[in-house]
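We use all heavy atoms of the structure for the numbers below, so side chains are in, but hydrogens, waters and symmetry mates are not.
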Amino acid sequence: MNINEILELTDEIEIIEAVGENIWNKKKESDDFTLLNDQERTFVYIDVFEAAMNEGGFNNFFSTEAGNFALEIKAAYKAINAPKTALLIEKALGLFPKESYNDDLEIRNKQLAKMDEMVFSGWEDLDELFFDEEQEEDIVALIVEFIRENKESFK
């Protein structure tokens with residue numbers, strides 16, 4: 001399906017799934033995100049974050065490869081006009097100790113092994129805010145709006 005056909009769909013989830021399928025098919029042609037443009041990467045970063053959060057919150061996010069892209073993911077939420085979610089990510093990053101967040105999974109997992117229980121408790125508090133319906137931004141609607149505003153980038 002081309003982007004114009006996709007945007008004619010009435011269900012926002014169907015729009016996101018169709019765009020996602022097109023992007024993931026394009027991504028399969030390389031081992032990384034180099035074939036994707038900035039808008040497609042924004043879409044992917046949000047998809048990666050949402051999946052990691054649904055698997056186990058910030059602890060899961062930072063202890064998996066998804067956490068390698070924390071800074072890019074924070075920027076992606078800003079790009080779709082979701083400042084509350086970007087701020088939650090910033091706060092989660094801020095809970096890393098002095099040595100700070102590292103985008104290398106192996107190094108980050110060594111950091112996680114040494115972290116104080118207060119960090120994990122802080123992440124759990126942020127998880128609750130992320131999943132709180134009243135706090136959460138309508139990410140689905142924001143992504144669809146982002147796709148509509150940048151439809152030339154999602155051909």
Side-chain angles (χ1 to χ4, degrees), residues 1-96 101-105 108 112 119-155:
M1 249 196 269
N2 72 40
I3 191 62
N4 291 323
E5 293 169 327
I6 291 170
L7 290 174
E8 288 176 12
L9 297 170
T10 55
D11 185 279
E12 290 179 328
I13 298 294
E14 287 180 15
I15 292 171
I16 290 172
E17 288 173 350
V19 168
E21 185 176 334
N22 287 350
I23 291 172
W24 286 110
N25 287 338
K26 184 176 176 181
K27 190 216 169 279
K28 285 180 189 174
E29 297 173 25
S30 70
D31 288 335
D32 55 22
F33 301 131
T34 54
L35 293 180
L36 303 182
N37 63 44
D38 289 343
Q39 289 75 22
E40 291 168 326
R41 278 194 292 276
T42 293
F43 181 97
V44 169
Y45 290 139
I46 290 170
D47 189 38
V48 164
F49 180 71
E50 296 278 333
M53 290 299 287
N54 286 319
E55 287 287 319
F58 278 106
N59 188 24
N60 179 68
F61 172 67
F62 287 120
S63 64
T64 63
E65 286 184 354
N68 295 0
F69 305 101
L71 300 177
E72 292 88 345
I73 290 168
K74 182 176 85 167
Y77 277 95
K78 287 181 179 180
I80 68 162
N81 198 25
K84 290 180 184 176
T85 305
L87 183 60
L88 287 178
I89 296 166
E90 190 172 313
K91 287 180 178 181
L93 285 164
L95 291 175
F96 273 85
Y101 161 81
N102 192 296
D103 65 2
D104 180 279
L105 179 59
R108 200 170 53 256
L112 291 172
V119 172
F120 298 106
S121 177
W123 284 344
E124 287 173 10
D125 292 344
L126 292 172
D127 290 345
E128 286 181 35
L129 290 174
F130 178 79
F131 290 110
D132 182 348
E133 291 298 320
E134 290 181 25
Q135 283 285 102
E136 188 177 353
E137 293 151 314
D138 189 349
I139 301 302
V140 170
L142 291 171
I143 291 171
V144 170
E145 183 60 29
F146 179 78
I147 293 166
R148 289 186 193 286
E149 289 173 1
N150 297 281
K151 81 177 194 173
E152 294 302 313
S153 299
F154 290 96
K155 286 184 175 179

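- Within the model, atoms CG of L36 and OG1 of T34 stand 7.5 Å from one another, a figure rounded to the nearest 0.5 Å.
- Nearest approach of L35 to E40, heavy atoms of both residues: O-OE1, 4.2 Å.
- One distance of note links CD1 of I6 with CD1 of I16; it measures 11.5 Å at 0.5 Å rounding.
- Closest non-hydrogen pair, A82 versus I139, comes out as CB-CD1, 3.8 Å.
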- Item | Stepwise side chain to side chain contact (heavy atoms under 4.5 Å, CB included) check, V140 with D138 | CA-CA 6 Å; V140 170; D138 189 349; 3.9 Å; yes
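- To the nearest 0.5 Å, the span separating CD1 on I3 from CD on E8 amounts to 10.5 Å.
- Remark: A52 pairs with N60, F61, A66 by the side chain to side chain contact (heavy atoms under 4.5 Å, CB included) rule, at least two apart or across chains.
- Legend: residues meeting side chain to side chain contact (heavy atoms under 4.5 Å, CB included) with N150, ordered by chain and number and at least two apart, are Q39, F146, S153, F154.
- Among all heavy-atom pairs drawn from L95 and V119, the shortest one is O-CG2, 3.3 Å.
- The side chain to side chain contact (heavy atoms under 4.5 Å, CB included) test applied to E14 returns L9, D11, not counting sequence neighbours.
- To the nearest 0.5 Å, atom CG of residue L129 and atom CG of residue L126 are 6.0 Å apart.
- Checked by atom type and distance alone, the side chain of D47 never pairs as donor or acceptor with a backbone atom of F43 at under 3.5 Å.
- For E145, the CD atom counts as densely surrounded, since its 6.0 Å shell holds more than 12 non-hydrogen atoms of other residues, nucleotides or ligands.
- Atom CG in N37 sits 11.5 Å away from atom NZ in K155 (nearest 0.5 Å).
- A donor-acceptor pair under 3.5 Å is absent between the side-chain atoms of W123 and the main chain of G57, judged by distance alone.
- In this structure, N22 contributes its side chain and M1 its backbone to a donor-acceptor pair below 3.5 Å.
- Closest approach of R108 and N68 over heavy atoms only: NH2-OD1, 2.7 Å.
- Screening residues 69-81 for side chain to side chain donor-acceptor pair (under 3.5 Å) gives E50-Y77 as the qualifying pairs, with residues at least two apart or on separate chains.
- Every residue two or more places apart in sequence or in another chain that forms a side chain to side chain contact (heavy atoms under 4.5 Å, CB included) with N2 is listed here: N4, E5.
- In terms of heavy atoms, L7 sits closest to R148 at O-NH1, 3.3 Å.
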- Query: Taking it one step at a time, do N54 and F131 satisfy side chain to side chain contact (heavy atoms under 4.5 Å, CB included)?
  - Reply: CA-CA 9 Å; N54 286 319; F131 290 110; 3.3 Å; yes
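- When every heavy atom of A70 is checked against every heavy atom of Y101, the shortest pair comes out as N-OH, 3.4 Å.
- A donor-acceptor contact shorter than 3.5 Å links the side chain of D127 to the backbone of F58.
- Residue L142 holds its CG atom at 11.0 Å from CD1 of I147, rounded to the nearest 0.5 Å.
- Remark: F69 pairs with F33, Y45 by the ring-ring contact (aromatic ring centres under 6.0 Å, His included) rule, at least two apart or across chains.
- When side chains are defined from C-beta on, I46 does not count as touching I73, because their heavy atoms never get closer than 4.5 Å.
- Between L71 and L93 there is a side-chain heavy-atom pair separated by less than 4.5 Å.
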